[in-house]
Amino acid sequence: MEGVLVTGSATAVLEGECARCLEPISDQSEFTFQELYVYSDQDYSEEDDGAVSKLDKDLLDLEPLLRDAVVLALPFQPLCEDDCPGLCVECGARLADDPDHAHEEPIDPRWAGLTALQPEQDQ
């Protein structure tokens, strides 16, 4: 009696990049939505006006409804894998490609002069 209840689902292809390693990722997701569109002759207070979706004659705008459903279902930080190790903080190498990736311990600049006093070691 108050309006039109719209219930549905939509499928979308999502593309982006992993938040840890910056690899491109692609996924297909399904979203559900439901909204009541009230007739324009219904009386609502000005406080409720922003939260109420209204019909424009016989037309309704689904774009805000779909956008809200998709954005709320998106992960805050999308990952290519749940256990993605990310990138090396020193050189930017992708750690998933080289799990044994390591660097030498950095030398404190205050002690760097002492390395000249260290005798050469034969290898």
Side-chain angles (χ1 to χ4, degrees):
M1 298 296 290
E2 294 179 11
V4 177
L5 180 65
V6 177
T7 303
S9 63
T11 303
V13 175
L14 308 173
E15 294 185 7
E17 57 187 27
C18 178
R20 292 183 187 160
C21 68
L22 306 178
E23 284 293 308
I25 54 176
S26 180
D27 189 22
Q28 185 171 348
S29 295
E30 186 171 322
F31 308 97
T32 59
F33 53 89
Q34 184 173 19
E35 182 78 22
L36 176 64
Y37 286 85
V38 297
Y39 296 117
S40 57
D41 61 353
Q42 295 286 329
D43 290 330
Y44 284 94
S45 67
E46 291 183 19
E47 295 173 3
D48 295 335
D49 196 37
V52 175
S53 300
K54 294 185 179 180
L55 284 170
D56 183 19
K57 297 180 185 171
D58 290 336
L59 302 175
L60 52 95
D61 186 13
L62 289 177
E63 182 183 357
L65 179 62
L66 288 171
R67 182 182 55 238
D68 290 347
V70 171
V71 169
L72 290 174
L74 290 176
F76 182 67
Q77 293 184 333
L79 300 175
C80 58
E81 300 172 8
D82 289 338
D83 59 345
C84 177
L87 301 175
C88 175
V89 295
E90 292 186 33
C91 66
R94 187 168 184 255
L95 297 176
D97 295 338
D98 185 13
D100 297 327
H101 181 80
H103 294 278
E104 292 182 12
E105 289 290 322
I107 298 174
D108 189 332
R110 297 172 291 182
W111 298 98
L114 294 177
T115 58
L117 299 175
Q118 185 178 16
E120 300 268 337
Q121 293 182 357
D122 294 333
Q123 295 187 11

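As the structure is a computational prediction, the values presented were derived from the model and not from experiment. By convention here, the first residue in the shown sequence is residue 1.
Nearest heavy-atom pair, C80 versus C84, reported as atom, atom and distance to 0.1 Å: SG-SG, 3.7 Å. The shortest heavy-atom contact between L36 and G3 is CD1-C, 4.1 Å. A112 and I107 make their closest contact through CA-CG2, 3.9 Å (heavy atoms, listed as atom of the first residue, atom of the second, distance). The two atoms that bring Q34 and L65 nearest to each other are O-CD1, 4.2 Å, heavy atoms only. Counting all heavy atoms, side chain and backbone alike, V6 lies closest to L62 at CG1-CD2, 4.0 Å. Here the closest heavy-atom approach between residue T11 and residue Q28 is recorded as CG2-NE2, 3.0 Å.
Within a 6.0 Å sphere centred on CD of E30, other residues, nucleotides and ligands contribute more than 12 heavy atoms. Counting heavy atoms of neighbouring residues, nucleotides and ligands inside a 6.0 Å radius, atom CZ of R67 exceeds 12 of them.
By the criterion of side-chain heavy atoms lying less than 4.5 angstrom apart, applied directly or through intervening Ile, Leu, Val, Met, Phe, Trp or Tyr residues, F76 is not grouped with V71; the two fall into different hydrophobic clusters.
A distance of 10.0 Å separates CD in E63 from CG in D68, rounded to the nearest 0.5 Å. The CG atom of L79 sits 7.0 Å away from atom CD1 of I25, with the distance rounded to the nearest 0.5 Å.
Taking A10 as the reference, F33, L66 meet the side-chain contact (heavy atoms from CB on, under 4.5 Å) condition, with sequence neighbours excluded.
No side-chain heavy atom of Y37 sits under 4.5 Å from any side-chain heavy atom of L59.
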Which atom pairs, one a donor and one an acceptor, fall under 3.5 Å between side chains of residues 95-106 and the rest of the protein, sequence neighbours left out?
| unit_1 | atom_1 | unit_2 | atom_2 | d |
| --- | --- | --- | --- | --- |
| D97 | OD1 | R94 | NH1 | 2.9 |
| H101 | NE2 | H103 | NE2 | 3.0 |

